[in-house]
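Right, one structure below, let's go through it.
Each residue takes its place number in the sequence, starting with 1.
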Amino acid sequence: MKTKISLFLGLMFFANASFADLKIGFVNIPAVLEKAPQAEKAKKRLEQKFSPRDKQLVAQQKEIQGMEEKLAKDASVMSDSEKSNLEKDIINKKRDAKRSQQEFSEDFNASRNEELGKLQRRIVEAVRNIAKDDEYDLLLTDGVIYAKDQFDITAQVQKKLSTMPE
């Protein structure tokens with residue numbers, strides 16, 4: 001029994017000594033995403049690409065609202081055929097607007113996900129470069145509940161991203 005205990009204590013000491021030279025770091029990815037210059041540029045690209053379509057959707061909604069107001073206001077003086085035609089036009093425009101909104105959302109989400117994927121690849125590249133350059137044994141990102149400031153290399157990653165070409 002004493003042999004097993006001494007063997008166990010010896011293994012614990014050896015394992016503890018081998019981990020003493022580890023260089024460990026932590027990266028707060030959400031903070032990097034928030035402050036990365038590439039994120040701001042991606043946001044501007046998305047706004048530029050989708051702003052005209054967004055304005056068009058708003059104009060469609062205003063047109064439908066105007067038609068509904070006209071129907072509510074003038075329904076008593078309209079003939080049955082005029083009222084019926086206006087109601088059909090409103091229904092058709094609402095259907096078209098709903099379809100356009102759905103297409104817009106799908107296109108926007110696809111483009112946003114593409115931009116986010118590019119940015120995430122850049123962040124991973126920056127983290128790997130720092131890990132190799134500074135000879136880290138282990139860099140952690142998600143799932144870390146607490147890390148001392150001395151282990152947090154988020155600022156280094158942000159700095160590295162700002163120097164990386166677009």
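Look at R53 and D107 and you find a salt bridge, because one of the NZ, NE, NH1 or NH2 atoms lies within 4.0 Å of a carboxylate O, short of that distance. A salt bridge between D96 and K93 is absent, with no side-chain N of the basic residue lying under 4.0 Å from a carboxylate O of the acidic one. Under a 4.0 Å N-O distance rule, the pair K94/E68 qualifies as a salt bridge.
More than 12 heavy atoms of other residues, nucleotides or ligands lie within 6.0 Å of CZ in R112, so this atom counts as buried by the packing criterion. Atom CD of E47 is surrounded by more than 12 heavy atoms from other residues, nucleotides or ligands within 6.0 Å. More than 12 heavy atoms of other residues, nucleotides or ligands sit less than 6.0 Å from atom NZ of K118. In the displayed structure, E106 atom CD is contacted under 6.0 Å by more than 12 heavy atoms of other residues, nucleotides or ligands. Heavy atoms of other residues, nucleotides or ligands lying less than 6.0 angstrom from NZ of K98 number 12 at most.
A distance of 9.5 Å separates CG of D89 from OG of S84, quoted to the nearest 0.5 Å. Between R128 atom CZ and E125 atom CD the span is 9.5 Å, to the nearest 0.5 Å. The distance from atom CD1 of I123 to atom NZ of K160, rounded to the nearest 0.5 Å, is 14.0 Å. Rounding to the nearest 0.5 angstrom, the gap separating the CD atom in E87 from the CE atom in M78 is 9.0 Å. Atoms OG and CD, from S100 and Q61 in turn, are 9.5 Å apart once rounded to the nearest 0.5 Å. Between the CD1 atom in I153 and the CD1 atom in I24 there is a gap of 12.0 Å [rounded to 0.5 Å].
Remark: the backbone N or O of D134 is paired with a side-chain donor or acceptor of K23 at under 3.5 angstrom. When atom types are taken as modelled, the side chain of T154 and the backbone of N28 share a donor-acceptor pair closer than 3.5 angstrom. Under a 3.5 Å cut-off, the side chain of Q102 and the backbone N or O of R99 do not form any donor-acceptor pair.
When all heavy atoms of S162 and P37 are compared, the pair lying nearest together is CA-CG, 3.8 Å.
Residues L71 and M67 form no side-chain contact, since every pair of their non-hydrogen atoms from C-beta on lies 4.5 Å or further apart. Residues V27 and I130 have side chains not in contact (no heavy-atom distance under 4.5 Å, counting atoms from C-beta outward).
Legend: residues meeting ring-ring contact (aromatic ring centres under 6.0 Å, His included) with F50, ordered by chain and number and at least two apart, are F104, F108.
When the side chains of ILVMFWY residues are joined at heavy-atom separations under 4.5 Å, either directly or via intervening members, F26 and L22 end up in a single hydrophobic cluster. Placement of L119 and V127 within a single hydrophobic cluster is found when ILVMFWY residues are connected by side-chain heavy-atom separations under 4.5 Å, directly or transitively. L140 and V124 fall into different hydrophobic clusters, where Ile, Leu, Val, Met, Phe, Trp and Tyr side chains are chained together by heavy-atom contacts under 4.5 Å. Grouping the Ile, Leu, Val, Met, Phe, Trp and Tyr side chains by contacts below 4.5 angstrom, directly or via other members, places L57 apart from I90.
When each of Q56, K55, K62 is checked for a side chain to side chain contact (heavy atoms under 4.5 Å, CB included) with V58, only K62 meets the rule.
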